[in-house]
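FYI, side chains are in, hydrogens and waters are out, and symmetry mates aren't considered; it's all heavy atoms of this structure. Given the structure is predicted, the values throughout are model-derived calculations rather than measurements.
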Amino acid sequence: MMRSFAFIIFSIAVVALLLKLSGWQLSRADQKQQLQSQILERQQTVVTDLAQLPVEPLWHSIRLEGEFDNQHPILLDNQLYRGRPGYHLYLPFISQQQRVLVNVGWIAAPPYREILPQLPQFNGPQVIQGVIAPAQQLLQFKPDAADGQWPLRVQNIGVDWLSLQLQQPLLPWVIQISASSPLALTQTWQPIVMGPKKHYGYAMQWFLLAIAVVFLCLWWLRRERVV
């Protein structure tokens, strides 16, 4: 009797946990769906004047004239493309007397870690088009030790820390260059890494596992009763 009671309590706890996980995935899917709608809506507005930025500039399209600072490239490490390791190349872009980091795209890493890739040079006045996006950064930002050598190889795009390395203020977001831009390298960046469909799929998996546990519990109790 005690064994059956303990098994029932354990099964209820497991089912409750699985249903909670399923609900969490549904919540995440809803958040991603809202973010997708927000991105599509905001990309209809094109920013061309930094002095007239929207109150919430993220995800708006942007078109700026200016020049790249080719002397201070930043390589975001550990960026895979089709199984090959590489970097995202960020360059400061000077426009309207302000600086903003631009993710130009993915560039392959050489076979040896101590060798840095050959970087493109974008000289003279340029026009860039892209999307205003948050800086790519882990939840706990731990800056790499800087040795004063450029390009910097970093694990995160910490804008405040990079501003100190540049000794110039940077805008608090980055520009993800448009794939159609003639300046763009290979584009692997996505505004939403995991779309709502995957979250719905995970929610269904957790829910089906909960149902399976219920049936397993009922089968075991019936077997115990027979025995």
Side-chain angles (χ1 to χ4, degrees), residues 31-77 79 81 86-108 117-137 141 150-154 156-196:
Q31 292 174 8
K32 295 293 181 68
Q33 193 71 53
Q34 292 179 17
L35 180 57
Q36 279 187 344
S37 300
Q38 185 182 74
I39 291 173
L40 290 174
E41 180 182 350
R42 291 189 178 183
Q43 284 184 354
Q44 305 305 312
T45 303
V46 181
V47 176
T48 58
D49 187 349
L50 293 175
Q52 298 180 353
L53 282 169
V55 176
E56 296 183 2
L58 292 183
W59 311 120
H60 287 280
S61 298
I62 189 166
R63 183 180 185 275
L64 294 176
E65 298 180 8
E67 292 189 9
F68 282 104
D69 177 3
N70 292 293
Q71 303 306 311
H72 298 99
I74 299 158
L75 295 171
L76 181 61
D77 206 353
Q79 303 300 308
Y81 176 62
Y87 306 94
H88 277 179
L89 171 61
Y90 286 80
L91 288 172
F93 189 74
I94 306 166
S95 178
Q96 302 170 29
Q97 299 182 339
Q98 298 194 68
R99 283 175 167 79
V100 60
L101 291 179
V102 178
N103 183 356
V104 185
W106 182 87
I107 188 168
Q118 188 71 31
L119 303 179
Q121 297 289 308
F122 304 107
N123 299 312
Q126 304 286 349
V127 177
I128 61 167
Q129 301 178 45
V131 175
I132 299 174
Q136 186 167 346
Q137 176 175 321
F141 173 63
W150 297 87
L152 287 182
R153 185 160 47 190
V154 300
N156 299 273
I157 299 300
V159 173
D160 292 340
W161 181 79
L162 290 170
S163 296
L164 293 176
Q165 308 310 309
L166 288 165
Q167 298 182 352
Q168 296 286 347
L170 290 166
L171 291 173
W173 34 262
V174 302
I175 296 175
Q176 300 289 339
I177 201 166
S178 172
S180 61
S181 171
L183 306 176
L185 303 179
T186 301
Q187 295 297 296
T188 65
W189 175 82
Q190 296 178 350
I192 300 176
V193 177
M194 184 184 294

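Between P117 and A108, the shortest heavy-atom distance links the atoms CB-O, 3.5 Å. Here the closest heavy-atom approach between residue W106 and residue G86 is recorded as NE1-CA, 3.6 Å. Residues L89 and P73 approach most closely at CD1-CB, 3.9 Å, considering heavy atoms. The heavy-atom pair separating L58 from A133 by the smallest distance is CD2-C, 3.6 Å. When all heavy atoms of Q96 and L50 are compared, the closest pair comes out as OE1-N, 2.9 Å. The heavy-atom pair separating V104 from I177 by the smallest distance is O-CG2, 3.4 Å.
For the side chain to side chain contact (heavy atoms under 4.5 Å, CB included) test, residues two or more places apart in sequence or in another chain that qualify with N70 are F68, L91, Q121, F122, N123. For H72, the side-chain hydrogen bond (donor to acceptor under 3.5 Å, both in side chains) criterion is met by D69, not counting sequence neighbours. Legend: residues meeting salt bridge (Lys or Arg N to Asp or Glu O under 4.0 Å) with D77, ordered by chain and number and at least two apart, are R113.
The distance from the CD atom of Q176 to the CD1 atom of I128 is 11.0 Å, given to the nearest 0.5 Å. Interatomic distance, I62 CD1 to L53 CG, rounded to the nearest 0.5 Å: 6.5 Å. Annotation: the span from I132 atom CD1 to W59 atom CH2 amounts to 10.5 Å, rounded to 0.5 Å. If you take CG on L119 and OH on Y87, they are separated by 10.0 Å, rounding to the nearest 0.5 Å. Taking CG of L101 as the start and CG of L76 as the end, the distance is 11.0 Å to the nearest 0.5 Å.
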Acceptor/donor pairs from residues 167-175 side chains to any protein atom, 3.5 angstrom cut, sequence neighbours excluded:
residue : atom : partner : partner atom : Å
Q168    : OE1  : R99     : NH1          : 3.4

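The stretch residues 179-188 participates, sequence neighbours left out, in these side-chain hydrogen bond (donor to acceptor under 3.5 Å, both in side chains) pairs: H88-T188, S178-S180. Annotation: salt bridge (Lys or Arg N to Asp or Glu O under 4.0 Å) contacts involving residues 46-58, sequence neighbours excluded, comprise R42-E56.
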Verdict with reasoning, L152 to L162, per side chain to side chain contact (heavy atoms under 4.5 Å, CB included): CA-CA 9 Å; L152 287 182; L162 290 170; 4.1 Å; yes
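Side-chain contact check for V154 versus W161: some heavy-atom pair is nearer than 4.5 Å.
Judged purely by atom type and a 3.5 angstrom limit, Q79 has no side-chain atom pairing as donor or acceptor with the backbone of I107.
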